[in-house]
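Step one of this worksheet: look at the structure below.
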Amino acid sequence: MSWRIGLPRALFYHTYFPLWSTFFESLGVEVIVSPQTNKAILDQGVRSVVDETCLPVKVFFGHVAALGESETDFLFVPRLISVERKAYICPKFMGLPDMLSASKIKHSPLIKPVINKVRSVNGNNFLWDCASPFTGKWSKIKKAWQEAKQEQERYEQKLIRKHQDISDLNILVLGHDYNLYDHYVNMDLLKKLQDLGCSVITPAQISKEERDAQLKNFPKSIFWTYGRNLLGAVYSFMQKPGKKGVIILSSFGCGIDSFIDNLIMRRLTEYKIPYLNIILDEHTGEGGLITRIEAFVDIIYWRRDCHQNHFSPYGQYVGSCKGNAGIHGVRCNCTTTPH
Ligand code: SF4
């Protein structure tokens, strides 16, 4: 019999899809992924959970509903507690299987391994929980896991190589993978920035080794993995030549973002790097987003090309006028020679 397992295209999917899809496919299981996020999926998610839940979890519920219970034999929803030593994933990831069981959404039986690197006594338990419905052979499970890890490694290296190819790094877009790589949720922010002439880099394009090394610049240990990723990426970006600005993409209702973003903004202010904080929820409109990023990109270009006698977003004098225009052809009103 051939088995089919459902993977909702949300949350951990955007970071670990190569790992889990390769693992299940190596076991001979067909992987069914929900469609790209769209209005119907988002609306269904919003209807399925309490209002206070963050946007990414609402989106996740919408994807589970989109998979339904007829197409698949199982639904994969790991209980992600920790993926590295001394750091945790957000509590909502830990509680996902319970939230799902308490909801009215119809879904296939869950495969819900506990992934906890902090407490893991026997690292093989979660592998067995994932694979035992499909095979009882350890050799097959271990081979599938090796292939899956290699595929994930290849994917991560590809992202980093892509970043190395960028010659003029100017905008770091910070956010969780599921906000950055879901084009519907972020209203195609990365493409819009590229269309405005920006080179864009995301935290996943900076290697984990580099992010972790940069975190040593921070006086305290951050124990949330997503917080570590964002702060490490900022420190790394601040060392780079050609850095121009940072966009912080957060989710309304995210506890981690609420304090990590503040730490990041303080560091950026200290280093005089302009930033824009965009908080996403299900009501965020595309028109407002475009206006804000265009204004922000104008500021970035003015700082680079014009240096008019103005105050920057962080409230300090930034330079003098050379009479050049910003990207939208706007010149400052100063009539004097550079001063
Ligand atoms: S880290 Fe924030 S955005 Fe992500 S699931 Fe947790 S609360 Fe939601």
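Whatever order the structure lists ligands and atoms in, that order sets their numbers, starting from 1.
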*Do me a favour and list the nearest non-hydrogen protein atom to atom 4 (Fe) of ligand 1 with residue, atom name and distance?*
Tyr178 OH, 2.1 Å
*asked:* Could you tell me if Lys142 sits above the aromatic ring of Trp138, with its cationic atom closer than 6.0 Å to the ring centre and no more than 45 degrees from the axis?
replied: yes
_Phe17 ring center within less than 6.0 Å of Tyr13 ring center_ = yes
Per-pair distances, 0.1 Å, donor-acceptor, side chain in residues 93-105, under 3.5 Å, sequence neighbours excluded:
| residue | atom | partner | partner atom | Å |
| --- | --- | --- | --- | --- |
| Asp98 | OD1 | Arg79 | NH2 | 3.3 |
| Asp98 | OD2 | Arg79 | NH1 | 2.8 |
| Ser101 | OG | Pro97 | O | 2.9 |
| Ser103 | OG | Leu100 | O | 2.8 |
| Ser103 | OG | Ile105 | N | 3.3 |

*With Lys137 via side chain to side chain contact (heavy atoms under 4.5 Å, CB included) - residues at least two apart*: Thr135, Ser139, Lys140
*Contacts of type ring-ring contact (aromatic ring centres under 6.0 Å, His included), residue Phe74, not counting sequence neighbours*: Trp3, Phe134
_Nearest-0.5 Å distance, CD1 of residue Ile278 to CG of residue Asn179_ = 11.0 Å
*Which protein N, O or S atoms does atom 2 (Fe) of ligand 1 have within a distance shorter than 2.8 Å?*
Cys254 SG
